[in-house]
A.B. asks: 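This is the structure I want to talk about, given as structure tokens.
Numbers here simply count residues along the sequence, with the first being 1.
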Amino acid sequence: MSVVDWLIVIIPICFIFYLGVWSRKYVNSVADFLSAGRVAGRYMLTSSEIANALAIIGIISYVEIHYKTGFALVFWNYATLPLTIVISLYGFCVYRFRETRAMSLGQFLEMRYNRPFRIFASFLRSISEMMANMIMPAIAARFFIYFLDLPHRFSVLGLEISTFTLIIVLCLTVAVFLICCGGTLSLMITDAFQGMLLFPLMIVFVIFILTNFSWSNEIIPVMADRVPGESFLNSFDISNFRDFNIVMMIFVVVNSVIHRASWIGAGYSTAARTPHEQKMAGILSTWRGALNGLFYTLVAIAIIVSCNHIDFAATGKEIRDDLSNHIAEELISDGQRDDFKQRISALPRHDHVIGKDQPLSQENNLDTPLLNTAHEALKEYNGEALGNAKFQEFRTLYHQLMIACGMRVILPPILTGLFCLLLIMAMISTDDTRIFSASLTFTQDVILPFWKKTPTAGQHIWMLRITSIGVGVFFLTGSFFMAQLDYIQLFVTIMTMMWLGGCAPVMLFGLYSRFGNASGAFASVVSGMLLSLGGIFLQRNWAASVYPFLDRHGMVEPVSSFLHKVSKPLNPYVVWEMDPVKFPVNSYEWGIITMFFTLVMFCLFTVLTQRKPFNLDRMLHRGIYSEDGKKVEKLEWTFKNILSKLLGITPEYTRGDKVIAWAMVIYALVYEFIFCFILVLVWNIFFQWDENDWGVFFFIRSLIIPCVIALITTVWFGIGGFKDFVQLLKDLKVKKINNLDNGQVDGEVALADKEKFEKLENQIAEK
């Protein structure tokens, strides 16, 4: 990068540091550090959360998937829109969790179940979260090494230093520094600033890609050049996709519902002024997410076209060679590296002509010659078993880091600096939030319950800071030892299933039902943990030890026959076949099995042990436990009230809130679901669209409309975010401080509410 590119990167990053340090003066209590004083507005929350959602790991994962599957699967996402609307409008889970006033997920678990379960479940969640997220610094470090074309090692005063290590240390130092400044308050302020800056930047890249790649002459032909059953455009022609198919869609949909509350904790989830503000922030996030999707889509298209169109054959050759050479620096020893690079360099650039040559497929595409050459070389260098394991890692890095080498080749100066800035901000906003989430859970729900005395605010905040530093060190260590051998989404899925596998019944029954107790909760979470650990072991050790073990003992054929028979009824969407390189059952399928089993365990153990229903009103501060002591009013059965109830509209809604809710319903239900899904679905049942028709559909639906929405919401949310920021600072100055509001629980009641609730219950008992 040029000097101008580096200035583009450095100046905004310095300002982010300044904001983090400046925000410290507004932290006066534990509630400020944990939940930004619970005075944040909807636009502040939305800007912060959207910046948080834009991550290096997210964009790499998106490109990794869509480079293999195109965009045909996207159409089936529209089927879930009614469910998405209901979840957003009702504030499903997040509204109720905010009503509990819990400062962490563990505080809720103790109020709903008991203290031993709080400690166990929170420890498990922290470990699961850290193991899933610890690959983020490593992925970010590799991305910047490949994107900036940095050497993997360099010398200073005769001392050899790993560039990978240096970047990871810098990434984690920045994240932990911002956390230690002011916790959630600092992260919210810095993330909101980044969110307001990120979206104009993304619009710049959207314009660049749309003006440098022809939709009709380059993009559509590349997308259409696929064998039957693996279309990148035709949503009715995707039966042969393996890892990313209808099963994945079902898993994602079910997951989005039953795990709505599973990652709730302190931070943004508890920072809103009221439960209603928290709910509205979730609704607004749906609008602002349009630009994220548009940006991800166009970056993926740029990479796909650059690597697969004959007009960009030289570019594709440069990307593949650079990518392979960088990977060789990591995986192959010095004595064999030059030979490997020569073999890759000797491969000619592709001469594939769309419409003349055979269409491409997952098994036979323009990457196949390179991957086959790499596989043979690695087996030659390391032997069969170790060579397969090395190739699994090579293939993973190859698909993940294609975006880094690809964007370096595609982008001109200035835009290179802007793209680097965008990804650095995405890295900062993601790393600090993930580290703080894990450290909050560990501090609040594993360490704090063992304290007999209530710590002072200063002691509590320093405990959180020290734990955050410890989590950062854990991430640093894990970045070196946690090899990620599967697609990012599949890897994160199997790692998080240690917690997610068994927590869904715990959270849903806990928030919405009096049914459920500690025995059922323990049974669900422990069984989910054991099944997930089994999946992790098989996935990570399959090529190196599990498959060779089965082969040595003559068990390959019997196991293969068993897997084939079990999966046959679900073919072609579920195909379990023996493979010496990869575990036959993918992470989504393993996750579905785990979630079903844990639901059964929760219900069974609860039925056997529960003696009386739980006092749900007390936990939710409803009825006599509410601020005004009023009971919930019954709904009058008028058409207006019923319609409002169906839309999740409550008396808290202002006229502007109702406009936002109705606009979302009309856009998502009428436009996206009825017009873009139902009518297209019915039409294609009788009159099949060809690839060009699908190309026009995706151009309008995935590019033009999101562009319009992105331009509107960037201005709308920018103004709203600035107003909320000013109001946040005013509210923090006048907010009352309650030192008992620190996340501790006594007798299933938050310490901050204990005295008040005891008086209420005594008054009722006397009457």
A.B. asks: With heavy-atom distances below 4.5 Å as the criterion, would you say the side chains of Leu421 and Ile13 are in contact?
C.D. replies: yes
A.B. asks: Taking all non-hydrogen atoms of both residues into account, name the closest pair between Leu511 and Arg96 and its distance.
C.D. replies: O-NH1, 2.7 Å
A.B. asks: Are Met130 and Ser437 close enough that some pair of their side-chain heavy atoms sits under 4.5 Å apart?
C.D. replies: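 Result no, sub-4.5 Å side-chain heavy-atom pair not found.
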A.B. asks: Give, for atom CD1 of Ile447 and atom CE of Met463, the distance between the pair rounded to the nearest 0.5 Å.
C.D. replies: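 Taking CD1 in Ile447 and CE in Met463, the distance rounds to 6.5 Å.
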A.B. asks: Could you label the plane-to-plane angle of the Phe108 and Tyr113 rings as parallel, tilted or perpendicular, counting under 30° as parallel and over 60° as perpendicular?
C.D. replies: perpendicular
A.B. asks: Decide if atom CH2 of Trp462 counts as having more than 12 heavy atoms of other residues, nucleotides or ligands within a radius under 6.0 Å.
C.D. replies: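 For Trp462, atom CH2 is not crowded (no more than 12 foreign heavy atoms under 6.0 Å).
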A.B. asks: Have Thr467 and Thr443 got a donor and an acceptor in their side chains that come within less than 3.5 Å?
C.D. replies: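 Yes, side-chain donor-acceptor contact under 3.5 Å.
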A.B. asks: Short question: side chain of His621, backbone of Glu99 - any donor-acceptor pair under 3.5 Å?
C.D. replies: yes
A.B. asks: Counting distance only, does the side-chain N/O of Arg112 pair as donor-acceptor with the main-chain N or O of Gly510 below 3.5 Å?
C.D. replies: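 Yes, the answer is positive, given that a donor and an acceptor are paired below the 3.5 Å cut-off.
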A.B. asks: What I'd like to find out is whether the side chain of Cys420 reaches to under 4.5 Å of the side chain of Leu148, using heavy atoms alone.
C.D. replies: yes
A.B. asks: Closest approach of Ala438 and Ser126, non-hydrogen atoms and distance?
C.D. replies: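 In terms of heavy atoms, the two residues are closest at O-OG, 3.7 Å.
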A.B. asks: Do Thr100 side-chain atoms and Phe97 backbone N/O form a donor-acceptor pair below 3.5 Å?
C.D. replies: yes
A.B. asks: Judged by atom type as modelled, is there a donor-acceptor pair below 3.5 Å linking the side chain of Glu110 to the main-chain atoms of Arg118?
C.D. replies: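 Side chain of Glu110 to backbone of Arg118, a donor-acceptor pair under 3.5 Å: no, none is there.
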A.B. asks: Side chains of Gln727 and Val39: does their closest heavy-atom pair fall under 4.5 Å?
C.D. replies: no
A.B. asks: First locate atom CG of Leu440, then atom OG of Ser122, and finally report the distance between them rounded to the nearest 0.5 Å.
C.D. replies: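 So the gap between those two atoms works out to 11.5 Å.
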A.B. asks: Let's go through Phe177 and Phe17 carefully: what are the C-alpha distance in whole Å and the side-chain angles of both, what is the deciding distance for ring-ring contact (aromatic ring centres under 6.0 Å, His included) to 0.1 Å, and is it a yes or a no?
C.D. replies: CA-CA 9 Å; Phe177 173 80; Phe17 270 86; 5.4 Å; yes
A.B. asks: Has Asp724 got a side-chain atom pairing as donor or acceptor with Gly721's backbone, closer than 3.5 angstrom?
C.D. replies: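 Between the backbone of Gly721 and the side chain of Asp724 there is no qualifying donor-acceptor contact (under 3.5 Å).
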A.B. asks: How long is the straight-line distance from CD1 of Ile660 back to CG of Asp657, given to the nearest 0.5 Å?
C.D. replies: 5.5 Å
A.B. asks: Looking at Asp32 and Arg24, does any basic side-chain N land under 4.0 Å from a carboxylate oxygen?
C.D. replies: no
A.B. asks: Please tell me if the side chains of Val506 and Val525 come closer than 4.5 Å, counting only heavy atoms from C-beta onward.
C.D. replies: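 Counting from C-beta outward, Val506 and Val525 do come under 4.5 Å.
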A.B. asks: Return yes if some donor-acceptor pair links the side-chain N/O of Ser162 with the main-chain N/O of Thr165 below 3.5 Å, else return no.
C.D. replies: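 Yes; judged by distance alone, with no hydrogens or angles, the pair exists.
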A.B. asks: To the nearest 0.5 Å, how far apart are CG in Leu109 and SG in Cys503?
C.D. replies: 9.0 Å
A.B. asks: So do the side chains of Ile167 and Leu150 get within less than 4.5 Å of each other, counting heavy atoms only?
C.D. replies: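 Touching, per the 4.5 Å side-chain cut-off.
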A.B. asks: Short question: side chain of Arg465, backbone of Cys180 - any donor-acceptor pair under 3.5 Å?
C.D. replies: yes
A.B. asks: With a 3.5 Å distance limit and no angle check, can you tell me whether Ser532 reaches the backbone of Gly528 through a side-chain donor-acceptor pair?
C.D. replies: yes
A.B. asks: Looking only at non-hydrogen atoms, find the nearest pair between Ile8 and Pro12 and report the distance.
C.D. replies: O-CD, 3.0 Å
A.B. asks: For residues Gly20 and Thr190, report the shortest heavy-atom separation together with the two atoms involved.
C.D. replies: N-CG2, 3.8 Å
A.B. asks: In this structure, is the centre-to-centre distance between the rings of Tyr43 and Phe722 below 6.0 Å?
C.D. replies: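 That pair fails the under 6.0 Å test.
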A.B. asks: Count the heavy atoms belonging to other residues, nucleotides or ligands that lie under 6.0 Å from OH of Tyr512, then report whether that count exceeds 12.
C.D. replies: yes
A.B. asks: Taking all non-hydrogen atoms of both residues, which atom of Gly472 and which atom of Ile435 are closest, and how far apart?
C.D. replies: N-CG2, 4.3 Å
A.B. asks: Pair Leu464, Ser439 - check side-chain contact (heavy atoms from CB on, under 4.5 Å), show working.
C.D. replies: CA-CA 7 Å; Leu464 288 161; Ser439 61; 5.7 Å; no
A.B. asks: Counting C-beta onward and ignoring hydrogens, is there a side-chain heavy-atom pair between Leu178 and Leu19 closer than 4.5 Å?
C.D. replies: no
A.B. asks: Mind listing the closest non-hydrogen atom pair of Asp5 and Gly417 along with its distance?
C.D. replies: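 The answer is OD1-N, 3.3 Å.
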A.B. asks: Are any non-hydrogen side-chain atoms of Phe295 and Ile59 less than 4.5 angstrom apart?
C.D. replies: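 Sidechains of Ile59 and Phe295: in contact.
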A.B. asks: Rounded to the nearest 0.5 Å, how far does CG of Leu729 lie from CG of Leu185?
C.D. replies: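 Result: 8.0 Å between the selected atoms.
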A.B. asks: Over 60° means perpendicular and under 30° means parallel, so tell me whether Phe436 and Phe33 are parallel, tilted or perpendicular.
C.D. replies: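 Answer is perpendicular, since the angle exceeds 60°.
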A.B. asks: Can I get a per-line list of side-chain donor-acceptor pairs under 3.5 Å for residues 136-146, giving both atom names and the distance, sequence neighbours left out?
C.D. replies:
from: Arg142; atom 1: NE; to: Glu330; atom 2: OE1; distance (Å): 2.7
from: Arg142; atom 1: NE; to: Glu330; atom 2: OE2; distance (Å): 3.1
from: Arg142; atom 1: NH2; to: Glu330; atom 2: OE1; distance (Å): 3.0
from: Tyr146; atom 1: OH; to: Ile327; atom 2: N; distance (Å): 3.4
from: Tyr146; atom 1: OH; to: Glu330; atom 2: OE2; distance (Å): 2.9

A.B. asks: Please evaluate residues Arg408 and Thr416 with respect to the criterion side-chain contact (heavy atoms from CB on, under 4.5 Å), reporting the C-alpha separation (whole Å), side-chain torsions for both, the decisive distance (0.1 Å), and the verdict.
C.D. replies: CA-CA 7 Å; Arg408 172 165 54 81; Thr416 301; over 6 Å; no
A.B. asks: Are any side-chain N or O atoms of Gln459 and backbone N or O atoms of Thr456, one a donor and one an acceptor, separated by less than 3.5 Å?
C.D. replies: yes
A.B. asks: Show your working on ring-ring contact (aromatic ring centres under 6.0 Å, His included) between Phe193 and Phe725 and close with a plain yes or no.
C.D. replies: CA-CA 10 Å; Phe193 166 75; Phe725 174 69; 9.9 Å; no
A.B. asks: Kindly determine whether Leu45 and Arg42 satisfy side-chain contact (heavy atoms from CB on, under 4.5 Å), including the steps that lead there.
C.D. replies: CA-CA 5 Å; Leu45 286 168; Arg42 63 187 67 172; 5.6 Å; no
A.B. asks: Pair Cys171, Met427 - check side-chain contact (heavy atoms from CB on, under 4.5 Å), show working.
C.D. replies: CA-CA 8 Å; Cys171 292; Met427 175 197 67; 3.0 Å; yes
A.B. asks: Once you measure the plane-to-plane angle for Phe205 and Phe419, does it fall in the parallel (<30°), tilted (30-60°) or perpendicular (>60°) bin?
C.D. replies: perpendicular
A.B. asks: Nearest 0.5 Å, please: how far is CD1 in Ile189 from CD in Gln194?
C.D. replies: 12.5 Å
